Amino acid sequence: MALLLEAGHATRQGLRARNEDFVGMVTPLEPELSNKGFIGAVADGVSGNEGGREASEYAVRGLLADYYATPDTWPVTQAIERVLKASNGWTLHHGSIRPELTGMATTLTALVLRGSFYYFSHVGDTRLYLLRAGVLTRLTSDHVWDRPEMQHVLTRAIGLDTQLTVDHGTGQLQERDVFLLASDGLWASITQYDLAFHLSQLAQGTLEADACADALLDAALAGGSSDNLSALVVAVRTLPEQNLRDSLSISHTLRPPPKLQVGQMVDGYRVEALIHASAATLLYQVTDAQDVSGAQRKLVLKTLQPDRGNDERERAVFAHEEWLAKRVIARFFPQVIATRPPNYLYYLTTWHAGHSLQQHLDIGHHFTVPEALALGEQLVRAVGALHRRSIIHRDIKPANVHLGDDGQLRLLDLGLAQSGMQDSHADADAGIDAPQAGTPSFLAPEQFADAPASLRTDLYALGVTLYQMLTRHFPYGEIEPFQRPRFGQPVAPSRYRPEIPLWLENVLLKAVAREPQERFETAEEFLLALQRAAAKPLPTRGPPALAQRDPAGLWRAIAVIAIVANLLLLYLLMLH
């Protein structure tokens with residue numbers, strides 16, 4: 001499904017001698033719609049002469065044209081800021097060399113809708129509103145003096161100063177969202193109720209976009225507006241699947257919050273506890289203090305460590321993780337929760353009471369064979385759900401497997417995961433393309449020879465996880481970081497747990513086989529082996545041939561035999 005929008009605009013002179021507002025928008029065709037998105041802008045010229053109109057028109061026309069000429073690799077807000085700063089230089093220059101344009105300047109608010117995200121850039125006192133689920137929110141702040149008698153005096157505008165500071169914002173789109181870009185001649189003379197009423201009609205489809213813009217201007221004029229007044233409205237009708245490019249763009253504009261303490265608030269979420277801290281990320285349990293249902297639902301907030309916020313690679317990897325987490329909609333994974341427009345870099349997921357398998361092992365829980373078999377089937381299904389979406393987890397281990405109090409197993413942490421989308425998104429690959437990323441004791445033997453991760457390396461880690469659940473040991477022994485292990489034959493799990501049935505032992509040994517071709521090829525094959533249990537057991541694996549066990553030893557034996565045979569032949573020749 002593609003991004004489908006309905007947009008309209010209206011602008012009027014009001015009681016002024018001329019209209020110094022300027023409105024413009026572009027809805028490109030594919031592939032530009034996916035690469036760059038829709039853009040719309042409203043500008044309000046500042047000047048007592050013709051310079052105001054010239055500044056607003058130049059700023060909007062220049063933005064609409066030059067934005068699409070910026071590199072696709074630039075984040076949206078970076079592209080807009082570059083164009084606006086160029087417009088600022090042009091406006092200052094022309095205002096200084098042409099007497100009739102002295103003092104020319106303009107406010108401007110721009111909106112870009114691309115993929116499943118919106119982006120805005122803003123300077124001055126034009127405004128951007130968002131109507132979502134009947135609630136009207138102003139997304140921009142006016143750049144005016146805060147003294148009541150000077151609230152009409154701008155502190156920022158294009159052409160006002162050599163240093164232009166632009167506000168930027170971003171957020172995730174939802175279907176039936178309606179955006180309004182308005183000049184001050186409109187918003188200053190209309191109530192919030194009237195704004196929400198007309199925009200709601202557009203959201204519900206009872207009013208077309210152009211008619212909605214005209215109705216807003218009529219209401220403002222009826223409210224006593226004597227200024228130029230302009231409106232640009234955009235309704236979101238359908239959304240495409242979220243694009244990784246948009247997630248990466250979001251990561252460029254936001255920074256992680258500072259380390260949070262229990263009781264602190266971030267974007268309306270109250271911190272209840274720190275769940276986990278790693279070198280790169282932080283997980284907090286939070287409650288939604290603004291939940292209108294009063295349920296105070298518990299969520300998990302994941303973010304980067306504050307000192308990683310300036311690392312482009314870390315932010316790209318984090319954005320990739322969030323993008324993957326939104327794609328795996330299944331009971332085997334925590335589900336990502338849509339948020340209000342964020343001020344920091346984080347994402348929210350559902351919270352589930354329970355503990356990881358590693359925590360169960362650490363407190364001495366003894367998993368019976370039936371328990372391990374039931375959990376193993378769930379874990380194989382979870383991994384299969386990832387593989388069907390072309391996602392390789394790369395860090396399957398007991399610490400990343402959560403067993404909820406509801407009995408549901410959930411696979412956690414996609415921070416190292418790779419997906420089929422990555423080849424075209426190098427930023428997301430950065431930092432997670434190392435073959436040995438992951439926990440050493442769960443890495444397949446070929447990964448220590450720099451072989452890339454694959455479905456079979458995931459299934460190997462899954463096999464080691466089940467093996468450790470049952471035995472508290474590793475099939476090849478524990479492997480320390482930076483160690484270059486030598487893999488012999490895996491230890492049979494029945495050595496540690498004699499009650500493990502032979503059929504299950506054969507399944508585990510096949511899963512953790514040293515050679516990739518001897519392991520399960522797919523998660524479905526692994527699941528079938530667990531489900532058929534003793535009815536159709538896998539054959540017992542005999543000891544491998546010497547050529548497989550020790551190729552170098554085989555060649556040494558052949559060399560010794562050849563030397564002995566040559567010596568014997570030489571001896572026989574000497575006798576004759």
Side-chain angles (χ1 to χ4, degrees), residues 275-281 283 300 302 321 328 331-334 349 351-387 391-417 436-444 447 453 456-481 483 485 490-491 493 495-497 500 504-505 507-509 511-512 519-520 523 526-527 530:
I275 299 174
H276 178 71
S278 70
T281 60
L283 271 76
V300 174
K302 185 166 187 177
E321 176 185 354
V328 288
R331 68 180 189 275
F332 303 112
F333 310 94
T349 66
W351 179 85
H352 305 277
H355 299 86
S356 70
L357 295 185
Q358 187 62 57
Q359 289 172 318
H360 281 284
L361 292 172
D362 290 343
I363 63 175
H365 181 83
H366 180 86
F367 288 98
T368 65
V369 169
E371 282 179 329
L373 183 58
L375 293 175
E377 288 190 15
Q378 287 195 61
L379 184 54
V380 174
R381 290 180 186 274
V383 174
L386 287 182
H387 290 179
I391 300 171
I392 301 173
H393 189 282
R394 300 212 308 161
D395 200 19
I396 299 169
K397 58 184 179 181
N400 285 336
V401 180
H402 184 270
L403 179 57
D405 290 350
D406 57 359
Q408 179 63 55
L409 180 146
R410 295 175 179 88
L411 188 55
L412 310 177
D413 197 350
L414 297 173
L416 293 178
Q436 295 177 34
T439 305
S441 295
F442 296 86
L443 294 179
Q447 291 179 273
R456 280 180 164 155
T457 61
D458 260 6
L459 297 178
Y460 174 91
L462 195 162
V464 175
T465 297
L466 297 181
Y467 188 106
Q468 191 188 26
M469 279 177 56
L470 284 166
T471 68
R472 297 179 181 273
H473 291 81
F474 296 98
Y476 297 95
E478 187 169 5
I479 301 171
E480 299 295 336
Q483 183 180 345
V491 177
R495 176 177 171 181
Y496 306 111
R497 292 276 298 272
I500 292 177
L504 181 55
E505 178 168 288
V507 170
L508 293 176
L509 291 177
V512 301
R519 299 179 208 137
F520 295 107
F526 198 154
L527 179 62
L530 289 174

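Given the structure is predicted, the values throughout are model-derived calculations rather than measurements.
Scanning for ring pair (Phe, Tyr, Trp, His ring centres under 6.0 Å) contacts around Phe333 gives an empty result, with sequence neighbours left out. With sequence neighbours left out, the salt bridge (Lys or Arg N to Asp or Glu O under 4.0 Å) criterion links Asp413 to Lys302. With sequence neighbours excluded, the residues forming a ring pair (Phe, Tyr, Trp, His ring centres under 6.0 Å) with His473 are Tyr496, listed by chain and number. Not a single ring pair (Phe, Tyr, Trp, His ring centres under 6.0 Å) links Phe332 to another residue, sequence neighbours left out. Every residue two or more places apart in sequence or in another chain that forms a side chain to side chain donor-acceptor pair (under 3.5 Å) with Asn400 is listed here: Asp395. Annotation: side chain to side chain donor-acceptor pair (under 3.5 Å) contacts of Thr281 (sequence neighbours excluded): Ser278. Residues passing the side-chain contact (heavy atoms from CB on, under 4.5 Å) test with Ile479 are Pro440, Ser441, Phe448, Gln483, Pro485, Phe487, sequence neighbours excluded.
Nearest heavy atom pair, residue Gly438 against residue Leu443, reads CA-CD2, 4.3 Å. Nearest heavy atoms, Val512 versus Val464: CG1-N, 3.6 Å. The minimum heavy-atom distance between Ile500 and Glu505, with the atom names listed, is CG2-N, 4.1 Å. Shown here for Pro334 and Leu412, the closest heavy-atom pair between the two residues is CG-CD2, 3.6 Å. Taking every heavy atom of both residues into account, Gly463 and Ala511 meet most closely at CA-CB, 3.8 Å. Of all the heavy atoms in Leu508 and Leu466, the pair that sits closest is CD2-CB, 3.8 Å.
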side-chain contact (heavy atoms from CB on, under 4.5 Å) evaluation trace for His393 with Leu414
CA-CA 6 Å; His393 189 282; Leu414 297 173; 3.7 Å; yes
Go through the steps to decide whether Thr471 and Arg495 satisfy the test side-chain contact (heavy atoms from CB on, under 4.5 Å), and finish with yes or no.
CA-CA 9 Å; Thr471 68; Arg495 176 177 171 181; over 6 Å; no
side-chain contact (heavy atoms from CB on, under 4.5 Å), that's the test. Do Leu375 and Val401 meet it? Break it down for me.
CA-CA 10 Å; Leu375 293 175; Val401 180; over 6 Å; no
Does His365 form a side-chain contact (heavy atoms from CB on, under 4.5 Å) with Gln359? I'd like the steps, not just the answer.
CA-CA 9 Å; His365 181 83; Gln359 289 172 318; over 6 Å; no
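To the nearest 0.5 Å, atoms CG (Leu411) and CD1 (Ile396) are separated by 6.0 Å. Atom NE2 in His366 sits 11.0 Å away from atom CE in Met469 (nearest 0.5 Å). Rounding to the nearest 0.5 Å places CZ of Arg394 at 11.5 Å from OG1 of Thr439.
For residues 363-382, no pair satisfies salt bridge (charged side-chain N to carboxylate O under 4.0 Å, His left out), with sequence neighbours left out. Among pairs with a residue in residues 456-470, those fulfilling side-chain hydrogen bond (donor to acceptor under 3.5 Å, both in side chains) read His387-Asp458, at least two apart in sequence or across chains. The salt bridge (charged side-chain N to carboxylate O under 4.0 Å, His left out) contacts involving residues 398-411 comprise Asp406-Arg410, where partners must be two or more places apart or lie in separate chains.
Between Phe526 and Phe520, the two ring planes are parallel [angle under 30°; tilted spans 30° to 60°].
More than 12 heavy atoms of other shown residues, nucleotides or ligands fall within 6.0 angstrom of atom CZ in Arg472. Other residues, nucleotides and ligands contribute over 12 non-hydrogen atoms within 6.0 Å of the NE2 atom of His352.
You'll find the side chain of Leu504 reaches within 4.5 Å of the side chain of Leu530, heavy atoms only. Pro493 has its side chain out of reach of Leu470: every pair of non-hydrogen atoms, C-beta onward, lies at least 4.5 Å apart.
Side chain of Arg519 to main chain of Leu459: no donor-acceptor pair is present (N/O by atom type, distance under 3.5 Å, no hydrogens or angles).
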